[in-house]
2 protein chains.
Amino acid sequence: MSELILKNIAKHIAITAPQQELFLSLLEPKKIKKRQYFLQEGEVCKNSAFVISGCLRSYFADSNGFEHILQFAMEDWWMADMMSYTTQKPGNLFIDALEDTEVLLLSRDNQLKLFDQCPSFERYFRVITENGLVSHQRRVLENLSLPAMERYKIFAKRYPAFIQRLPQTQIASYLGITPEFLSKIRHQMMYQKP
Amino acid sequence: MSELILKNIAKHIAITAPQQELFLSLLEPKKIKKRQYFLQEGEVCKNSAFVISGCLRSYFADSNGFEHILQFAMEDWWMADMMSYTTQKPGNLFIDALEDTEVLLLSRDNQLKLFDQCPSFERYFRVITENGLVSHQRRVLENLSLPAMERYKIFAKRYPAFIQRLPQTQIASYLGITPEFLSKIRHQMMYQKP
DNA sequence: TTGCTTTCTTAATGTAGTTTATTTTTTTCG
DNA sequence: CGAAAAAAATAAACTACATTAAGAAAGCAA
């Protein structure tokens, strides 16, 4: 069960067997049922979650009650409210499960401990964070420069698994449009593609 | 002249005098005149730039020739095309100067060397990158959830110096609206505020 | 199987923001 | 300084997307 996370780490850094054990000893497994919250607005995000199976989403609920999805996390992805996790102050995101989900938790305390005891992990999370920054920068620019249909096409190409597993409502919320308009876009695509 | 960058680093990590010297020896000063490119689309971003004085912007030029600003960098900020800088592959951003600007350059090679020779710097850049990620996540959510006038108000409150120093055209491009519409918004704000 | 809830579609109407064009104001620089 | 260029304001026509409403389809518990 911890093979997945070790494999993920091996993609970026090489660590010894005792370091692996140290790392695994700092993790805590958890199961989150579909529709169950992992984190709610106003709480401190004590843990970062590595998804073993299932799917999480993080979102912001605006003053009109509309939900805006920041991120999905399926197998092999990390999920947290980064603002709250790094500062350990109350956050304003919700995180919940779109499917029954298994995760491994790493508390911020344990993460910082890990950085001191094994600096390779500081490198691992630096690289992970660099990649996250790049993908959010790309998302900002795509939202500024592309109309909704283009953004949907790119999303579908980049994350084909998401298109199959997620309801369109969720995808629309991630793209920043209404489900009604996404439906219209998909209709248009069917009759203009070939 | 290198006081500013040492002070910035001291905010996050403590380093010895010889480490400071090592770090400074890896930096290269450069001047960039107003309207001059620091980086063009298709080039590899070899250096990250720490701004000593003046102002840089990074932007994406879409297929219709419109510019979409990703970031401004004034004194005490780092600027790079992160995608290209971290992978050392050709990027798709432009970076140029909005004012005559002085920067200190750190090449990716030197940065990685620094990480090996002084792991505290790996921590410094991890923290910087975490902060960048958080601010881009916040920007994604603000773009999804708020109308243009709210985004402008938040921008003005968060970066008061930018409002004074930058032309409205640039701010509009950062907010994702046309200069004409920003002008309209500002007119509305004048007659509804008090 | 039924009924209930969630998801998806369609369509009419409404609006935040764009486009295009013109004029005024400010900045730049020889 | 004065000319030219850039930036800002205004306004009318237009469009991508939202809102509202209603019904069809699909998933799911009992």
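Convention: sequence-line order gives letters A, B, ...; per-chain numbering from 1.
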When the distance from CG of B/Leu182 to C1' of C/dT19 is rounded to whole Å, what number comes out?
-> 16 Å

Between B/Phe121 and B/Tyr124, how do the two ring planes meet: parallel, tilted or perpendicular, split at 30° and 60°?
-> perpendicular

Between P of C/dT18 and CD of B/Glu67, the distance in whole Å | 16 Å

B/Met83 backbone acceptor or donor facing A/Arg138 side chain under 3.5 Å = no

From CA spacing to verdict: salt bridge (Lys or Arg N to Asp or Glu O under 4.0 Å), B/Lys46, B/Asp81 | CA-CA 9 Å; B/Lys46 297 227 172 67; B/Asp81 176 342; over 6 Å; no

Quick check: are there more than 12 heavy atoms from other residues, nucleotides or ligands sitting under 6.0 Å from CD of B/Glu150?
-> yes

Please check if the distance between the ring centroids of B/Phe50 and B/Trp77 is under 6.0 Å.
-> no

Between B/Ile185 and A/Arg186, who's closer to the 5' end of DNA chain C by nearest nucleotide?
-> A/Arg186

State whether B/Lys34 places a side-chain N or O below 4.0 Å from either non-bridging phosphate oxygen (OP1 or OP2) of C/dT28.
-> yes

Who pairs with B/Ala97 by side-chain contact (heavy atoms from CB on, under 4.5 Å), at least two apart in sequence or on another chain?
-> B/Ile32, B/Leu56, B/Thr101

Phosphate oxygens OP1/OP2 of D/dA9: is one of them under 4.0 Å from a side-chain N or O of B/His187?
-> no

B/Gln188 CD to D/dT10 P, straight-line distance once rounded to whole Å = 11 Å

Starting at atom CD of B/Glu180, determine the distance to atom P of D/dT10, rounded to an integer number of angstrom.
-> 13 Å

In residues 154-175 of chain B, which ones come under 4.0 Å of DNA chain D, going by heavy atoms?
-> B/Pro167, B/Gln168, B/Thr169

Nearest-angstrom distance from the residue atom CG of B/Leu146 to C1' of C/dG17 = 15 Å

Spacing between B/Asn143 atom CG and D/dC17 atom P, to the nearest angstrom = 14 Å

Below 4.0 angstrom from OP1 or OP2 of D/dA18, is there any side-chain N or O of A/Thr178?
-> yes

Assign each of B/Lys184 and B/Arg35 the nucleotide of DNA chain D bearing its closest heavy atom; nearer the 5' end lies the nucleotide of B/Arg35

Taking the side chain of A/Phe181 as heavy atoms from C-beta outward, which of C/dG17, D/dT10, D/dA18 is closest to it?
-> D/dA18

Grab the OH-P distance between B/Tyr152 and C/dG17 for me, whole Å please.
-> 15 Å

State which of D/dT19, C/dA21, C/dG17 makes the closest approach to the side chain of B/Ile177.
-> C/dG17

Return the minimal non-hydrogen interatomic distance between A/Phe94 and A/Ala61, and the atom names on each side.
-> CE1-CB, 3.8 Å

